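Keep in mind that this is a model prediction, so the values were computed, not measured. A note on names: the letters A, B, ... follow the listed sequences, proteins ahead of strands, and every chain is numbered from 1.
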Number of protein chains: 2
Amino acid sequence: MKEKKEDRRIGRTRRLMHEALMALIVEKGYEAITVQDILDRADVGRSTFYAHYRDKDELLLSCFEHLRTLFEQQQQALFAARRTGKDPEVHFILELFRHTRQHHKLYKAIAGKQSGEMILKYLHRDLYTMLIGPLTELIRNKKSPPVPIEITTHHLVSSLLSLMTWWLDNNMPYSAEKMDEIFRILTAPAIETAFGRKVEKKEYESIAGEHPSGSVNAFYSLFVDSGCCPDN
Amino acid sequence: MKEKKEDRRIGRTRRLMHEALMALIVEKGYEAITVQDILDRADVGRSTFYAHYRDKDELLLSCFEHLRTLFEQQQQALFAARRTGKDPEVHFILELFRHTRQHHKLYKAIAGKQSGEMILKYLHRDLYTMLIGPLTELIRNKKSPPVPIEITTHHLVSSLLSLMTWWLDNNMPYSAEKMDEIFRILTAPAIETAFGRKVEKKEYESIAGEHPSGSVNAFYSLFVDSGCCPDN
DNA sequence: CTTTTTTAGAACACAGTGTTCATTAATGAA
DNA sequence: TTCATTAATGAACACTGTGTTCTAAAAAAG
């Protein structure tokens, strides 16, 4: 399974540069960092850096992909555990907030306001791609929604990322569960609208409750049941 | 009133540089632009540029402030017209979309994805400052909201900007009125929640209607009635 | 017309990027 | 351990872009 013919030095050098960049982003912000800063912090040679990455952006992207792999592996594990029936339901958004808290230093460097804006665009694009399919599927047989599905999806992703960065940049004053709840309260009605259904008062109230397992969850469980996670 | 002791050359030079930057942003994106590009396009000397602006960012900021002034003047005029009772109600969000359409080339350069991310942060900060006060005032006597007012405000501003940039970057496929309606559908329920009131089905349905003048509008008319616009 | 202010243009030092190459060191396989 | 292979080092280099300075010329104001 594992292709382990990689030189140890490569992994070590890459790890050093990752760590250096993450630390520097938190300290002075991505834009202000020079390649020389990274070399000094990681204590590697200039030519070594360019042997691994084309430029600063590619290093940051590499850090981002590392974090995404971490999350995907954890999702895979949870997904597998769920299939055995031993675990409760897994909700993508909640797990994302939990993973963020668990690796908050990495997330803050990568998704916080100190990081490069480029990363947020990648995150947006990735989440958009994950969402647009299942959401389109869900409204297939419904009447045409009052808001185009592309805009709704775009709005949902922007809202999620906006909450994430707010949470990180304000030192996570609330629990992951609370953030998940906040996201639901702020966006669930819009999702119902996009699905073309009326919002019943009873349903709406249930949104503010603690993780209801009613129809509102249809959206959230999408991320687990529809195989929208990459590499599935 | 007007302090017109400014040398004609100053205005001309500044205008040339503004125009050059706007055009270049649309062409190749803000980050890729060098000072030399601006000098060539505007046909001004290098020392002239630095006599007016510290750097590229300050020039972009100057363009942004120019646009904001344009909008504020128009708002002032509408506000005045409304006081005479000759005009229908003025809604901040709708007027912002209308102004965006009216000056879409400027807005696309300044708020589109090709522009510097710095500007979106300024826009976010400005809108947040405009919103947070009136929103806090509105929930003063209500029960404590399920979502902190700071987060709700942050979310609203992010949603608005996300819609704005989507609209601009997709060549404005919908009318300003439609965008205003979309913004209401996607965010009004969250506002009601922040206000601590239950959303009645009748009210909710009215959101999707054409610019209802019911209680949902309490939020939107804030921008007109509460003097939250700068320089009032 | 005279004074004041702005602009032009070239020269400059400086900071940061990305490349090259000969040398040294670490690695992993035999 | 030996040894061929691969990676890291570090210094030198050309290059691009920034921001400053200075003198001469042009334009505006009075």
Nucleotide [N], atom [atom2] - distance to [atom1] of [X] in whole Å:
| X | N | atom1 | atom2 | result |
| --- | --- | --- | --- | --- |
| F49(A) | dT17(C) | CZ | P | 9 Å |
| E58(B) | dG19(D) | CD | C1' | 13 Å |
| E31(A) | dA15(C) | CD | P | 20 Å |
| E6(A) | dT27(C) | CD | P | 13 Å |
| D7(B) | dA28(D) | CG | C1' | 5 Å |
| R8(B) | dT4(C) | CZ | P | 19 Å |
| R12(B) | dT7(C) | CZ | P | 8 Å |
| Y53(B) | dT20(D) | OH | P | 16 Å |

request  = Inspect the surroundings of NZ in K105(A) and state if more than 12 heavy atoms from other residues, nucleotides or ligands are less than 6.0 Å away.
outcome  = no
query = With a cut-off of 6.0 Å (strictly less than), are more than 12 heavy atoms of other residues, nucleotides or ligands near NZ of K56(A)?
reply = yes
request  = If the plane angle is over 60° it's perpendicular, under 30° parallel, otherwise tilted; pick one for W166(B) and Y174(B).
outcome  = parallel
ask   = How are the rings of F64(A) and Y122(A) set to each other: parallel, tilted or perpendicular (split at 30° and 60°)?
value = tilted
query = What are the residues of residues 16-27 of chain A, sorted by number, that bring a heavy atom to within less than 4.0 Å of DNA chain C?
reply = none
message = If you compare every side-chain N and O of T13(A) against the phosphate oxygens of dA7(D) (OP1, OP2), does one of them come in below 4.0 Å?
response = no
inquiry  = Does a side-chain N or O of H52(A) approach OP1 or OP2 of dA7(D) to a distance below 4.0 Å, or not?
reply    = no
query = Of all of residues 32-47 of chain B, which get a heavy atom below 4.0 angstrom from DNA chain D, listed by number?
reply = T34(B), V35(B), R46(B), S47(B)
request  = Inspect the contact between E117(B) and K121(A) and indicate whether a charged nitrogen and a carboxylate oxygen are less than 4.0 angstrom apart.
outcome  = yes
message = Between R15(A) and E19(A) (salt bridge meaning N to carboxylate O under 4.0 Å), is one present in this structure?
response = yes
inquiry  = Centre-to-centre under 6.0 Å for Y107(A) and H99(A), is that the case here?
reply    = yes
What pairs of donor and acceptor atoms, side-chain ones from residues 124-132 of chain B against any protein atom, are under 3.5 angstrom apart with sequence neighbours left out?
| residue | atom | partner | partner atom | Å |
| --- | --- | --- | --- | --- |
| H124(B) | NE2 | S158(B) | OG | 3.0 |
| D126(B) | OD2 | R68(B) | NH1 | 2.4 |
| T129(B) | OG1 | R125(B) | O | 2.8 |

remark   = Separation between CD (E72(B)) and CG (L67(B)), nearest 0.5 Å, reads 10.0 Å
task = Mind checking R9(B) for me? I need base, sugar-phosphate or nothing, with any heavy atom below 4.0 Å counting as a touch.
result = base
task = From the options dT17(C), dG19(D), dA7(D), select the nucleotide whose nearest atom is closest to the side chain of Y50(B).
result = dG19(D)
